[in-house]
Structure formats: C-alpha cells, structure tokens
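Within every chain, numbering begins at 1; the chains are lettered A, B, ... in the order of the sequence lines, protein sequences first and strands thereafter.
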Protein chains: 2
Amino acid sequence: MYTLLKKTGKVRRGRFETVHGTIETPVFMNVGTLAAIKGAVSSMDLKEINCQVELSNTYHLSLRPGDDVVKKLGGLHKFMNWDRPILTDSGGFQVFSLAEIRKIKEEGVYFNSHIDGRKIFMGPEESMKIQSNLASTIAMAFDECVENPSPREYVERSVERTTRWLVRCKEELDRLNSLPDTINKKQMLFGINQGGVYDDIRIEHAKTIAKMDLDGYAIGGLAVGETHEEMYRIIDAVVPHLPQDKPIYLMGVGTPSNILEAVSRGVDFFDCVLPARNGRHGHVFTKHGKINLRNEKFELDASPIDEGCQCPTCKHYSRAYIRHLFKAKEMLAMRLCVLHNLYFYNTLMEDIRNAIDADCFEEFKNEKLKAWAGKA
Amino acid sequence: MYTLLKKTGKVRRGRFETVHGTIETPVFMNVGTLAAIKGAVSSMDLKEINCQVELSNTYHLSLRPGDDVVKKLGGLHKFMNWDRPILTDSGGFQVFSLAEIRKIKEEGVYFNSHIDGRKIFMGPEESMKIQSNLASTIAMAFDECVENPSPREYVERSVERTTRWLVRCKEELDRLNSLPDTINKKQMLFGINQGGVYDDIRIEHAKTIAKMDLDGYAIGGLAVGETHEEMYRIIDAVVPHLPQDKPIYLMGVGTPSNILEAVSRGVDFFDCVLPARNGRHGHVFTKHGKINLRNEKFELDASPIDEGCQCPTCKHYSRAYIRHLFKAKEMLAMRLCVLHNLYFYNTLMEDIRNAIDADCFEEFKNEKLKAWAGKA
C-alpha cells in the first residue's frame, strides 16, 4: 500500500508497504538480472550499500535456472537470501531487446532463446506464472516495448494489445495468488504505460489503465531511443493521468541527472543497469561528476573515489589501488566500483528523500546538477 | 622472532612476531599475486575469513603497477589496506615458470616480460630492492627453482649459485634496511633450500644456509614435478638440518592432505594458489572431501557447501544458488567459492594448532585424512 507522505509541486515523498517490508520513495532499485548483481556483488553486500529493493529478470531466470527450480527452492527471496522487496520485470522488454526473431500475436510472443535458439512462447499468462513461481514482491505486467521512434499506427495497435494483455495479467495473477501452493499470495501487480513518443496515445493509455486499480503504475518504453527532452515531456504528460495514490515507476532510467529531473516530475521508483555497468568499466560517480578510474592520472592518487563517501570501497581503498586492479585485470576492480556506484545511487535517493522532507528539493537538485557539471 | 611453543615428535606449534603483528603457526598464507586475491576477494574479506598472512608476488608487482609506484603510495600494506603480515616471494619462481626465454648468469637472470616481451634483468640485488620498495614484512631470497627431475650435475651447480645469491641477498637487504627512506626497516629475510630430488644435495645446502642466521627458512623447488612421496621424503631429510629456532616454510604446497603430512614433518608456513584456483572453477572443500558445485546433482540442493561451516558463503548461500551462478557465468560464483575455500584452509590451520595444543594432532590428522577419503 502506497502512502503519499508529502507533495511539493509535483515532487512526491512516499512510503510503500509490502509483505517484504517498507519501501521509502523515491527509490532506486538495484538490478540483479540473474538473481545476482553483476560484479560479484552479493545480497549481503546490497544490505551494506543500503539497497531497499532488488530487481530481477523474469525472462533470464525462466531460462536459467528455470522458475520451476526457483519455486522448488522456496522462491527468489530464499534462493538469493534477500528478505527485502524484489521486483521482477515481465520479460517483455528482454523478449523485444534480446530475441533476434520474434512474432507478436494476440496471444503473446513467439521468439527464440538468446542462449540456445530454441523456440519459446511468452504471453501474459506465462509471464504471470513465471513471476508467481519466482514469488517476487512486485510483478510487472507483460507488455510490448516499442522502439522510439515507431510509426504512429503501429504504436496505437501495440498499446491496445498491451491493454488487453494487462487485463489478462491481472486476471491470471489474481488466480495464481489464490492457489494453495503459491509462495507469495500477496504478490502485487504494476501496469505499464506505453505509447512511444506520442503524448496523446500515452495519455489515453494512462487514463485507461488508471481505472484498473493496480498496485502501481510504470512508465515503460522510455530510454529506448528518444532524447532526454522527449522523455521529460512524456513524463510531464503522463504523470497527471496516473492515480496519485499509487507509486509511479519510470522503467530503465537512468543517469543521476535523469533521476533528479524525473523526481521533480513526480516519479517514485527507478531502476537502471547504468551504475553497475559503468562500475565494471571503471566509470565511477563522484560529487563532482563521473570519472574514469583507468585514466593514467590516477596512478599515484591515494585519495578515495569520492572524498567523504561512506561506501565500503571509499572507506578502504584508493583510486590508485583500484586503477591498478583494472590494469592488472583483477575482478576485485569491478566489484569495488560497482559497490561504490550502487551506494552512490542509493545514497542519492536518500538525500533526495531528506531534501523533500526538509522542503528543499529544488535547491538540492540545482546544486547537484551544477556540481556534476553535465558529467552525471 | 620465532618462539617454539610446543614440539611433539616432529610437529611444531609456534609463534612468529613481526612488525606487522603476530603469526600463530602452523599457518597458511593467502595468495594475492597482484596485491589482490583472484576472485574479487578484498583485504577486508581476508580479515573476515581469518587470514593471518597475505602473500604477494615480487615479479608481478614489479611490472604492474611497478614497485616504485607502490613505494610512492607508502608500500604494499597501505596500497592494499592490509595491516597484518605480508610475505613477498623473490620473483625467482615466476622468472623460471613464466618467462619463455631466459639466460641464467652468475649476476642474475636475463629474461623477457610475460606481458610485453621486453628484456628484464633480475638478480639478488634487484629482487631485494623491489621487495624493499614493496615493504613487505618478510622478503624471500632470490633463488633458482629447477624442475624435477633435473640432471644431478645441473642441480649441484644451481644450488651453489643459489647459495652465493643468498649471501648477496642478505648483504643487500641489510644495506636497504639501513637506508633512511626505506619504508620497513625491519624487513625480514627467509632463505630457500634447493636441491631438486637429491637428498644429499638438499641436506648439504640446508646445513650451509642454516649457518647464516636468517629470519626463517623455506624449502623450495617442491610441487614442481616430483611425486608426493618424493616430496615427503625430502621434507623428512631437510627439516632436521634447518635451525629449530626459526620458522620452516614449505613453498607452494598444497592440498589439505599435503599440509597435514607436512605439519607432521615439522613445517610451519604454507602457501598455495590451489584453494583460490579450485574455488574459481567451482571445486570446493568440505569435511567429506572436495566436490564440484557445477555438477547437476546440486541443482536443487538447498544446503550450504559444507554443513556447519561458518564462512560468509556457507552462512548465507546454498549449493543450488552457487551452482546457478556458475551456470549463469556470474562473477559472484567465483567470489563465494574462493571465500569458502580460503576460509576452509585458514580454519584447517586453526584446527591443526588447536589439535597440537590439545596433544591430539596425530588423531586429528588421521581422522581428517579418513573423512576426506582421498578427495582433498
């Protein structure tokens, strides 16, 4: 259940209660595609870097180890030893971004596995079944994510089908939640707004799904080809038409600056692979913007990545040491940078929440954007 | 300074005082070749898995990041943030095992870098200089490590040269320790016994170096081609001729069974890449011997790697989860297994020390060897 604690202009400070504990919003979810964060980061580490919500991928887990295996082992929480909330995506985005050959029909999508090429079918019911087996806290509706730009006519038909799929998702998850051997009988469902870069289609779709009394609402299909300006315009257009007593989740976004801009437009939930992926390449966030630790100028730099940062990396290791680890191809390099970047994101969200509480989000945002100087 | 706390038959229980703290022996040193343990294990993790001594490689660190860089950053301890003892090898073993082209002369060895092929010279003075720059707790003498078997005549000449090199190492390290800008002015030197599989050459060499009043004595050139029986025979032959008031270090050995056998023959120090390397491949040690976590039979195994084990991995994760991580090629798989295996080794040494203290090492050893059933 979502409680809007405070609203200043469009900026929302909320609290979301789940069977796996409370989520303070705005929140950034830490992505662990295959029930593990890339970069040798464990669920124990996630606690140390103040992660509130872990996000795993339905499509990937259905292939490896298989959702039946996860169910037999007691669900994702037990499997990866994480007792806080988990959100699973629907697999929709992966089907559209990873599968080379796919055929979209009314019943769902026929495609080939990106691992061994074998034919797979996934529709709303299959996605709900897998997510119910995984027993995540929040399941995402199965949708079609179209690239930007796509022809208007295609987007219109796609969104209509996504709405029909959402109805089927809700019915199926209600049914699954009522079955005796379902692990998490209180699994929640978030619907996903689509419509490409067409404001009117987006708004129409938002109004339609808003009537469905879902547990939360996501804005999908952004950060897939459009400009930042288009993205912000669409958020501005859509947010007012989503229920204000439910959390709003901007999927797959983004840079620290993107997050500040989206929070200022009323978004509560975020997720992105960017901090972990950047970290694995030595790109780390600091209060003065992003730096590349592989750069030679850090060879003798005994200071931490970000002065004053309380993450496990900055408390113990220098830029020079981590640069050496990258040059020496030691896995520890990636781990230390991923830990730092995720801590940076989780702490940014905490600072955002504190700024909202203290009625100074706007100043906070402007200060940060200025300090990062376009480098975050 | 080494204190022999107890001796039962040949078995020694000791304590070795260093400027970086006390080492309880017998001890296993955890190998971090490039100032990091392979498998994304940090110096903070080493404390959590009860590592007493970290071991780094002189040759590797001289190439990356360069011992001059480490010195400018305050030495290895500061560089990798580890305040307990560090032993550095001399680089001799790496020169002989990694370099494809090498020429051994009286002054030292001419060889090509395994990274970029450039010509390098390393002799006793160069090795001491590098180790002094790294500022490890214990420096190892620069020696020639011959493969087994090698012709008797070659081994004889090699050992004589290694003795002359040892004299030069001691002189040079004494000189370096007296310089004002040396970081660790109390750096210790261990000499290395060589002689291939020729007992008489080994014994003669042991007697010669025993007279040199070094801080400790290593048995080198084993686990490089000879059988376990030959190795045990040579330890039996050499140990009585090394000073009994100094620690005895068996280099690069070995399996848990090898360690028990060597402890029973009077060895105090061990090091080996085996636990970390095995871990990275999913081979993990248990009280019933080694198992391969990649095996399909662990797909649904919710138990920890080793029931009752208090390592960070066994306290939190199941065999099924770690097997999944290996199949999914997640780096976390390697990290969790390396942590477990190093904890297993460090705990084995603690159990050995406790058994010696309780006068039951022989029973302990026999029980372990029986329980492992040849699989450790």
Side-chain angles (χ1 to χ4, degrees), chain A residues 32-45 47-48 57 60-61 63-66 68-74 76 78-82 115 280 298-302 304 312-313 315-336 338-339, chain B residues 32-45 47-48 57 60-61 63-66 68-74 76 78-82 115 280 298-302 304 312-313 315-336 338-339:
Chain A
T33 303
L34 279 151
I37 283 74
K38 296 201 187 300
V41 171
S42 74
S43 56
M44 292 302 116
D45 297 318
K47 293 213 167 171
E48 214 187 334
N57 289 84
H60 286 95
L61 287 170
L63 297 181
R64 279 186 307 211
D68 52 329
V69 169
V70 175
K71 183 172 185 175
K72 282 181 192 152
L73 289 161
L76 259 186
K78 213 166 166 186
F79 185 56
M80 66 182 292
N81 194 24
W82 175 250
I115 297 174
R280 295 201 301 282
F298 300 120
E299 188 182 36
L300 293 171
D301 191 338
T313 302
K315 278 196 287 184
H316 302 299
Y317 304 104
S318 67
R319 292 170 169 185
Y321 179 62
I322 302 169
R323 176 181 186 273
H324 157 65
L325 296 177
F326 271 112
K327 302 306 269 185
K329 298 187 174 62
E330 286 288 340
M331 281 167 51
L332 181 58
M334 299 196 214
R335 171 173 159 81
L336 294 179
V338 173
L339 285 173
Chain B
T33 302
L34 279 149
I37 283 75
K38 295 199 186 302
V41 171
S42 73
S43 56
M44 292 301 117
D45 297 318
K47 292 213 168 169
E48 214 187 335
N57 289 84
H60 287 93
L61 287 170
L63 297 182
R64 278 185 308 209
D68 51 332
V69 169
V70 175
K71 182 171 187 178
K72 282 180 193 154
L73 289 161
L76 260 185
K78 213 166 166 188
F79 186 56
M80 66 182 293
N81 194 23
W82 175 252
I115 296 175
R280 294 201 303 281
F298 301 119
E299 188 182 35
L300 294 170
D301 191 337
T313 303
K315 279 196 286 184
H316 302 299
Y317 304 103
S318 67
R319 292 171 169 186
Y321 179 61
I322 302 169
R323 176 182 185 274
H324 157 66
L325 296 178
F326 271 112
K327 303 305 271 186
K329 298 187 177 58
E330 286 288 341
M331 278 166 51
L332 182 58
M334 297 195 216
R335 172 173 158 82
L336 294 179
V338 173
L339 284 174

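- Only the side chain of B:Leu73 comes within less than 4.5 Å of a heavy atom in chain A; its backbone stays farther off.
- The shortest side-chain heavy-atom distance between A:Asp45 and A:Val338 does not fall under the 4.5 Å cut-off.
- At a 4.5 Å heavy-atom cutoff, B:Leu339 makes no contact with chain A through either its backbone or its side chain.
- Looking only at distances, a side-chain donor or acceptor of B:Tyr321 sits under 3.5 Å from a matching main-chain atom of A:Ala35.
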Walk me through whether B:Leu332 and B:Arg335 qualify under side chain to side chain contact (heavy atoms under 4.5 Å, CB included). CA-CA 5 Å; B:Leu332 182 58; B:Arg335 172 173 158 82; 4.3 Å; yes
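- Contact annotation for B:Val41: only backbone heavy atoms (N, CA, C, O) come within less than 4.5 Å of a heavy atom of chain A.
- Taking CE of A:Met331 as the start and CE of B:Met334 as the end, the distance is 5.0 Å to the nearest 0.5 Å.
- Heavy-atom pairs under 4.5 Å with chain A were tallied for B:Met80, B:His60, B:Glu299; the largest tally goes to B:Met80.
- Counting heavy-atom pairs under 4.5 Å between each of A:Gly66, A:Ser43, A:Ser318, A:Pro312 and chain B puts A:Ser43 at the top.
- Scanning for salt bridge (charged side-chain N to carboxylate O under 4.0 Å, His left out) contacts around B:Arg319 gives B:Asp301, with sequence neighbours left out.
- Under the salt bridge (charged side-chain N to carboxylate O under 4.0 Å, His left out) criterion, A:Lys327 pairs with no residue at all, not counting sequence neighbours.
- Contact annotation for B:Leu325: only side-chain heavy atoms (C-beta onward) come within less than 4.5 Å of a heavy atom of chain A.
- For chain A, no part of B:Ala333 is nearby; none of its heavy atoms comes within less than 4.5 Å.
- B:Ile37 touches chain A through its backbone: at least one of N, CA, C or O sits under 4.5 Å from a heavy atom, while the side chain does not.
- For B:Lys38, the parts lying under 4.5 angstrom from a heavy atom of chain A are both the backbone and the side chain.
- Contact annotation for B:Glu330: only side-chain heavy atoms (C-beta onward) come within less than 4.5 Å of a heavy atom of chain A.
- Between the A:His324 side chain and the B:Leu34 main chain, a donor and an acceptor come within less than 3.5 Å of each other.
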